[in-house]
Amino acid sequence: MNSFTYCTPTRYVFGQGVESETGRLAKEYLENPKKILIVSGGNSARKSGLLERVIKSVTGEGIEVFEIDGIKPNPTDDRVYEGIALCRKHDIRAILGIGGGSVIDTAKAIALGVEYEGDFWDFYAGKQSPEKALPIGVVLTIPAAGSEGSGNSVITKLDGLHKISLRSDFALRPKFAVMNPELTYTLPPYQTACGIADMMAHIMERYFTPTENVEVTDGISEGLLRSIIAVAPRLFKDPTNYDARANIMWAGTMAHNGICGCGRVEDWVSHAMEHELSAVYGVAHGAGLAVVFPAWLTYMAETAPSRPARFARQVMGVPATFDDHGDALAGIERLKAFYYSIGLPVTLDGLGIDNPDIELLVKKLHENKGEIIGGYRKLDAAATEKIYRLMM
Ligand code: NZQ
Ligand code: ZN
């Protein structure tokens with residue numbers, strides 16, 4: 001087990017009706033702001049009345065509200081520049097995101113950009129490391145990206161369609177996250193499923209590791225994955241099952257707030273490969289991962305089957321034999337069947353990509369992430385090309 005520092009400073013406020021506390025939380029944890037920028041998505045929060053309720057709670061504390069809305073899935077840099085300019089113009093020193101990963105990641109990028117004199121993209125391009133950002137609070141509406149508890153932000157630069165994930169252990173973590181599972185009742189089944197695939201992937205990216213003797217972190221990860229797989233069918237049967245929604249919501253946060261990575265090297269190739277799919281083809285991130293992960297696992301079952309075999313046995317319930325390769329393949333089949341059962345595609349054409357430009361995907365992947373990528377096993381362009389082809 002490796003040495004590590006683990007700090008998750010976010011205050012999670014979880015349960016029915018907790019969005020009514022947003023104003024109080026903003027005052028207490030966002031440094032007593034006079035003005036706040038509320039960042040929101042397309043329409044769901046407005047339509048459900050959530051946006052209005054939260055604004056009422058915030059203005060009730062004497063805080064003036066400014067808004068930037070219409071943030072789309074796979075958010076882009078143009079909206080970040082817009083938000084930074086708005087904050088500077090009105091001297092806004094606190095940000096509140098109401099939505100999912102796309103909204104929260106945009107809020108984080110704005111928070112970072114306001115405190116930096118240069119171009120905010122410098123952080124995503126790796127020219128600067130994030131140390132200072134405006135304080136952020138969030139009201140989560142979809143359990144998926146885990147951005148409510150993570151130090152990450154993923155933004156796409158429109159020029160060249162570069163989708164880049166920025167990771168900062170401290171500067172970007174929200175000060176508070178308001179989490180009412182009832183707010184997720186309005187999610188379409190496909191978005192619910194995408195969220196489930198994404199949170200599972202966040203655990204799996206950390207689970208597939210070359211580090212040995214991390215039994216505690218392994219146990220947490222396997223337990224979380226088994227719980228998600230057990231709860232998911234209840235949720236699709238009854239989308240207003242509070243306890244199912246609540247368990248999935250909390251799992252999404254635990255999946256990505258760092259606890260599943262403590263003491264070990266992480267992988268993250270599947271995310272990098274998916275980010276190229278969503279940047280180029282605009283697919284939902286979670287659906288992309290349901291296609292990428294089985295292909296990556298199939299490659300690993302051939303070349304490094306020990307962890308895929310353990311995953312098959314401990315998470316997917318495959319009876320153990322002495323054949324790692326065979327057990328790993330059986331686990332992959334069960335994983336695909338699970339994705340399929342919740343309405344997700346497991347191939348590129350199922351994702352609506354009939355003629356994938358594999359050459360372009362591989363080129364962009366290695367341009368953005370480096371010549372050799374991966375923590376579980378090191379992969380070059382020949383290997384990632386094979387994995388993209390396994391998705392067909
Ligand atoms: O925009 P609205 O109208 O709100 O609709 C959204 C959007 O269409 C809808 N939605 C959200 N809450 C809803 C709802 N619809 C009905 N009822 C609700 N309660 O869901 C759609 C997807 O929203 P989005 O925010 O895009 O989803 P998600 O949370 O999956 O975020 C995806 C983005 O996060 C990035 C992804 O790459 C992608 O860009 N990620 C961010 C990470 C991070 N910051 O730590 C890690 C992840 O690995 C991921 O890469
Ligand atoms: Zn993800």
Side-chain angles (χ1 to χ4, degrees), residues 10-14 17-115 120 133-145 147-150 153-155 171-180 182-184 186-187:
T10 306
R11 175 165 296 253
Y12 301 107
V13 183
F14 193 105
V18 287
E19 64 275 18
S20 65
E21 295 179 41
T22 312
R24 176 187 66 75
L25 291 163
K27 202 166 177 182
E28 194 172 346
Y29 294 100
L30 303 186
E31 299 167 15
N32 202 6
K34 292 193 174 51
K35 300 173 182 178
I36 201 165
L37 177 70
I38 293 189
V39 184
S40 64
N43 196 31
S44 70
R46 202 173 291 279
K47 197 168 148 203
S48 67
L50 172 67
L51 192 60
E52 196 184 331
R53 290 205 304 282
V54 172
I55 289 177
K56 197 169 158 207
S57 164
V58 171
T59 52
E61 296 291 335
I63 303 169
E64 189 181 354
V65 165
F66 293 76
E67 278 191 74
I68 173 166
D69 62 5
I71 302 301
K72 293 197 181 115
N74 304 319
T76 47
D77 58 343
D78 53 336
R79 303 308 309 276
V80 177
Y81 290 116
E82 199 186 311
I84 294 170
L86 195 64
C87 287
R88 289 199 176 133
K89 181 171 172 199
H90 297 285
D91 194 22
I92 300 165
R93 304 285 307 157
I95 319 261
L96 180 68
I98 304 178
S102 298
V103 162
I104 300 170
D105 288 0
T106 304
K108 288 176 175 177
I110 296 170
L112 197 55
V114 173
E115 291 290 67
F120 93 91
L134 294 181
I136 312 159
V138 310
V139 178
L140 185 67
T141 65
I142 170 172
S147 190
E148 69 280 5
S150 81
S153 163
V154 186
I155 301 290
L172 293 180
R173 292 204 194 238
K175 301 286 180 215
F176 68 83
V178 168
M179 299 170 66
N180 174 1
E182 288 178 333
L183 299 178
T184 68
T186 51
L187 276 170

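In this chain, numbering begins with 1 at the start of the sequence shown.
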Let me confirm one number: the CD1-OG distance from Ile136 to Ser153, rounded to the nearest 0.5 Å.
8.5 Å
Charged N to carboxylate O below 4.0 Å: is that the case for Arg93 and Glu115?
yes
Of all the heavy-atom pairs spanning Glu67 and Ile55, show the shortest one and how long it is.
OE2-CD1, 3.7 Å
Hey, what's the ring geometry for Phe66 with His90, parallel, tilted or perpendicular (30° and 60° as the breaks)?
tilted
Interatomic distance, CG@Leu183 vs OG1@Thr141, rounded to 0.5 Å, equals 7.5 Å
With a 6.0 Å cut-off (strictly less than), is the heavy-atom count around CZ of Arg11, excluding the residue itself, greater than 12?
no
Look at atom CD of Glu82 and say whether more than 12 heavy atoms of other residues, nucleotides or ligands are closer to it than 6.0 Å.
yes
How long is the gap from CD on Glu19 to CG on Leu50, to the nearest 0.5 Å?
6.0 Å
Point-to-point distance, once rounded to the nearest 0.5 Å, from SG of Cys87 to NZ of Lys89
12.0 Å
Output yes when a side-chain donor or acceptor of Arg173 lies under 3.5 Å from a complementary backbone atom of Gly149, and no otherwise.
yes
Looking only at heavy atoms, the pair that brings Gly101 and Ala145 closest together is CA-CB, 3.7 Å
Looking at every heavy atom in both Leu172 and Ala133, which two are closest together, and how far apart are they?
CD2-CB, 4.4 Å
Distance check, rounded to the nearest 0.5 Å: Ser40 atom OG versus Ile98 atom CD1?
6.5 Å
Specify the closest pair of heavy atoms between Val80 and Thr106, including all atoms of both residues, with the distance to one decimal.
CG2-CG2, 4.2 Å
Hey, is the main chain of Ser20 close enough, under 3.5 Å, to the side chain of Ser57 for a donor-acceptor pair?
yes
Separation between CD1 (Ile95) and CG (Leu30), nearest 0.5 Å, reads 9.5 Å
NZ of Lys56: more than 12 outside heavy atoms within 6.0 angstrom?
no
Thr10 vs Tyr29, side chain to side chain contact (heavy atoms under 4.5 Å, CB included): CA-CA, chis, key distance, verdict
CA-CA 10 Å; Thr10 306; Tyr29 294 100; over 6 Å; no
Where the side chain of Arg79 meets the backbone of Asp69, is there a donor-acceptor pair that is under 3.5 Å apart?
yes
So, do Ile104 and Leu140 sit near enough that their side-chain heavy atoms are less than 4.5 Å apart?
yes
Sidechain-backbone polar pair: Asp105 side chain, Val154 backbone, donor-acceptor under 3.5 Å:
yes
Any sub-3.5 Å donor-acceptor pair from Thr184's side-chain atoms to Ile142's backbone N or O?
no
Do you know which two heavy atoms are closest between Lys108 and Ser150, and how far apart they sit?
NZ-O, 2.9 Å
I need the minimum non-hydrogen distance between Gly113 and Phe120, along with the two atoms involved.
CA-CB, 3.8 Å
